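Letters go in sequence order (proteins before strands), and every chain restarts at 1. Here the structure is a predicted model, which is why all the values come from computation and not from measurement.
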Amino acid sequence: MQSPETLTYGFGDTPYGRIVVAKSARGIRAVLFGETDAALVAELKARFAGTDLVPAGIGMTRMIADVVSVVRGEAAAGALVLDLRGSPFQMAVWTALQAIPAGDTASYSEVAEAIGKPGAMRAVAAACAANPVAVLVPCHRVVRSNGALGGYHWGVNRKRALLARETAA
DNA sequence: CTATATAAAGTGC
DNA sequence: GCACTTTATATAG
């Protein structure tokens, strides 16, 4: 492994709970939901073990506020620069997810077809589960074909709340 | 609701 | 590199 990458993280508050935003030199690396700051940091450490995690400094506040705005639906996710790392398949899935209009939902099979791999619905779900940026990649807009929510890495309850707000808007 | 089909990622060896 | 296990599903019974 090379020299550990430095990730700067900071906390923010959303209608759905507390979030932590981890930013690399390239862009936003992760946006995670959590109950407490300690839990969020623990999540970061678990997910980015081996990297150098640095608490937010001055200047991070602005970025946090921006992310929070996006989470609240007051800003476009496309305005943020993401630094997503993953398998080509995961990248394809995440890109396809970002193409889903706000307030609309797609089934896992829809996403699978969108990435040119019809029948890969379960793999899509797995890729979504690995999605590190929570709301910025709208994995919460992906539901089952029968209309059920399915599952959510950060809790179906949270997914339900997110969808409720977006569909209402 | 339960069982089966079926594709892909993750993990371990 | 190969095989086994698990999955946030889909579809049929």
Side-chain angles (χ1 to χ4, degrees), chain A residues 1-2 4-5 7 9 12 14-22 24 26-36 39-51 53 67-68 70-73 76-78 80 82-169:
Chain A
M1 298 302 188
Q2 297 85 18
E5 185 181 7
L7 292 182
Y9 66 90
T14 72
Y16 317 103
R18 197 147 175 86
I19 63 171
V20 63
V21 180
S24 72
R26 224 189 115 192
I28 298 172
R29 188 72 188 284
V31 177
L32 306 175
F33 279 105
E35 306 301 324
T36 64
L40 289 171
V41 174
E43 183 77 17
L44 276 180
K45 286 183 180 176
R47 226 175 156 91
F48 299 99
T51 57
L53 294 173
V67 174
V68 172
V70 174
V71 173
R72 294 180 60 186
L80 298 177
L82 304 182
D83 181 20
L84 297 179
R85 278 193 185 182
S87 191
F89 197 84
Q90 291 182 328
M91 295 295 286
V93 171
W94 296 335
T95 303
L97 290 181
Q98 293 185 63
I100 301 175
D104 193 12
T105 57
S107 65
Y108 287 95
S109 41
E110 291 269 315
V111 178
E113 268 187 52
I115 62 176
K117 291 210 164 205
M121 358 115 143
R122 296 204 219 154
V124 170
C128 283
N131 167 32
V133 287
V135 187
L136 303 190
V137 170
C139 38
H140 57 274
R141 291 185 199 142
V142 186
V143 297
R144 291 202 202 173
S145 67
N146 70 337
L149 289 185
Y152 195 53
H153 193 78
W154 290 283
V156 181
N157 188 350
R158 202 155 274 155
K159 178 175 184 177
R160 191 175 173 184
L162 284 164
L163 278 178
R165 170 161 294 215
E166 289 192 352
T167 52

Looking at CG of A/L162 and OH of A/Y152, how far apart are the two atoms once the value is rounded to the nearest 0.5 Å? 5.5 Å
Round to a whole Å and report the spacing from CH2 of A/W94 to P of B/dA9. 12 Å
Out of curiosity, A/T95 OG1 to A/Q90 CD, how far, rounded to the nearest 0.5 Å? 11.5 Å
From A/W154 atom CH2 to A/N131 atom CG, the distance as rounded to the nearest 0.5 Å: 5.0 Å
Heavy-atom side-chain contact between A/I115 and A/V124 under 4.5 Å: yes
Per nearest nucleotide of DNA chain B, the residue lying toward the 5' end, A/G119 or A/Q90, is A/G119
Length of the line joining A/F89:CZ and B/dG10:P, which is rounded to integer Å: 10 Å
Gap between atom OH of A/Y9 and atom CD of A/E43 - 0.5 Å precision: 13.5 Å
Stem regions touching DNA chain C, defined by at least 3 consecutive Watson-Crick or wobble G-U pairs below 3.5 angstrom: B:1-5 with C:9-13, B:7-13 with C:1-7
First locate atom CD of A/Q98, then atom SG of A/C139, and finally report the distance between them rounded to the nearest 0.5 Å. 10.5 Å
So for atom CZ, which belongs to A/R72, do other residues, nucleotides or ligands contribute more than 12 heavy atoms lying within a distance under 6.0 Å? no
Contact pattern, 5' to 3', of nucleotides 6-13 of chain C - B, S or - by protein heavy atom under 4.0 Å: -BBBSS--
In short, side chain to side chain donor-acceptor pair (under 3.5 Å) pairs touching residues 133-147 of chain A with sequence neighbours left out are A/H140-A/E166, A/R141-A/E166
